[in-house]
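Below: the structure, in structure tokens.
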Amino acid sequence: MYTQGLDQQGNKTEGPEPVESAERLAAFQARIDDEEKIEAKDWMPEAYRKTLVRQISQHAHSEIIGMQPEGNWLTRAPTLRRKVILLAKVQDEAGHGLYLYGAGETLGTSRDQMVADLLSGKAKYSSIFNYPAITWADIGAIGWLVDSAAIMNQIPLCRCSYGPYARAMVRICKEESFHQRQGFEIMLTLSRGNDAQKEMAQDALNRWWWPSLMMFGPSDTDSKHSAQSMAWKIKRFSNDELRQKFIDVTVPQAEFLGLRVPDDDLEFDQETGHYNFGEINWQEFYDVLAGNGPCNTQRMANRQKAHDDGAWVREAARAYAAKHAADKAA
Ligand code: 3HC
């Protein structure tokens, strides 16, 4: 296996790139074990770089695709205040995506390549965004549940061993907290409203609860990347650990809202201090990952159209950059 030809100090090595020797790999793991941050110019195993590009680019894709379900409600928000809050959230998500593409580019993969991998179906985005936002309560449920799950997953990523990703997460998590609170406030307003509003809130919880649990990924026994990602301290907790944390925090919130979590097997275990919960429909999860969710086709068609519609902007920016560089060189 070849490295990108950088020595331990990050200087380009001359001649044929060195093979990843056991000593080099051991030295790298020792840096990880010592809680050192790996920076873009540092030597890293190709597999470390590849799994980071995989995860960071898919994270970025999720932020951008995630704008669609909420964006569809900007013109239908019930008040100007709600419209302004939702507009701010959707704009934040776009910024999160660009931030994460930037972090991905530090690993030597271009944004064009990351986006091409998404549009070709090679790269994934989070399963959760393949579900429809049918009522205004869904916008509340997305903020409350989806952004809460995102926070649960992203706070540990602030301590990720790869410096640019960890630092991107710090800013993103600050904005996610506002996203979660505005969603919870929508659910609180509805759950304190008339019967129709209460029903709308319960219906949204019924449809978003299980897909939110799936956001954390397959069970630990089925997760193909977790073990290595945890050894490299990309992940600090396993999928199941974060899922359990989310359930333990969110069930009391649902009770405060006067809503019922749609899981007949949910019960608090006094001994463990955790909620026991029912079996996740993994067939549904893998069906959505395979492209057969309720909105996969629509989400990807919209993303492809946005990419095509934006081609002129990219060409203009390249032409301007080329002319600017030529003028500078002249
Ligand atoms: N949706 C889509 N694909 C998923 C998934 C999900 N919910 N959960 C897992 N997968 C995929 C993985 O990407 C992997 O496929 P790949 O090899 O093609 O990449 C496969 O299923 C096996 O899963 P693993 O558990 O082995 O994969 P990971 O170790 O990468 O764990 C993860 C999956 C927990 C999603 C991890 O990648 C991660 O923490 N990513 C960063 C956070 C993220 O991407 N969140 C997405 C939501 S962003 C968001 O909600 C924005 C907010 O502002 C609303």
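- Residues forming a salt bridge (Lys or Arg N to Asp or Glu O under 4.0 Å) with Glu39 (at least two apart in sequence, or on another chain): Arg167.
- Ring planes of His324 and Tyr320: parallel class, angle under 30° (limits at 30 and 60°).
- Within 6.0 Å of CZ in Arg111 there are more than 12 heavy atoms belonging to other residues, nucleotides or ligands.
- The two residues Lys37 and Arg31 come nearest to each other via the heavy atoms O-NH2, 3.4 Å.
- By the side-chain contact (heavy atoms from CB on, under 4.5 Å) test, Ala311 is found to be paired with Arg314, Glu315, residues two or more places apart in sequence or in another chain being considered.
- Using cut-offs of 30° and 60° on the angle between ring planes, the pair Trp43 and Phe28 is perpendicular.
- At a threshold of 4.0 Å, the pair Arg236-Glu241 does not count as salt-bridged, since none of the basic side-chain nitrogens sits closer than that to a carboxylate oxygen.
- In this structure a side-chain-to-backbone donor-acceptor pair under 3.5 Å is present from Trp73 to Ala133.
- Taking the six-membered ring where tryptophan is involved, the planes of His61 and Tyr101 are tilted, since the angle between them lies from 30° to 60°.
- Classification of Asp220 and Lys235 as a salt-bridged pair fails, no side-chain N sitting under 4.0 Å from a carboxylate O.
- Put simply, the side chain of Glu199 does not reach to within 4.5 Å of the side chain of Gln202, judged on heavy atoms.
- Ionic pairing of Arg171 and Glu175 is present here: one or more N-O contacts between side-chain nitrogen and carboxylate oxygen are shorter than 4.0 angstrom.
- Side-chain atoms of Asp138 and Thr135 form a donor-acceptor pair, as typed in the model, at a separation below 3.5 Å.
- Side-chain contact between Phe129 and Ser62 is present, with heavy atoms from C-beta onward closer than 4.5 Å.
- The number of heavy-atom neighbours closer than 6.0 Å to NZ of Lys245, taken from other residues, nucleotides and ligands shown, is 12 or below.
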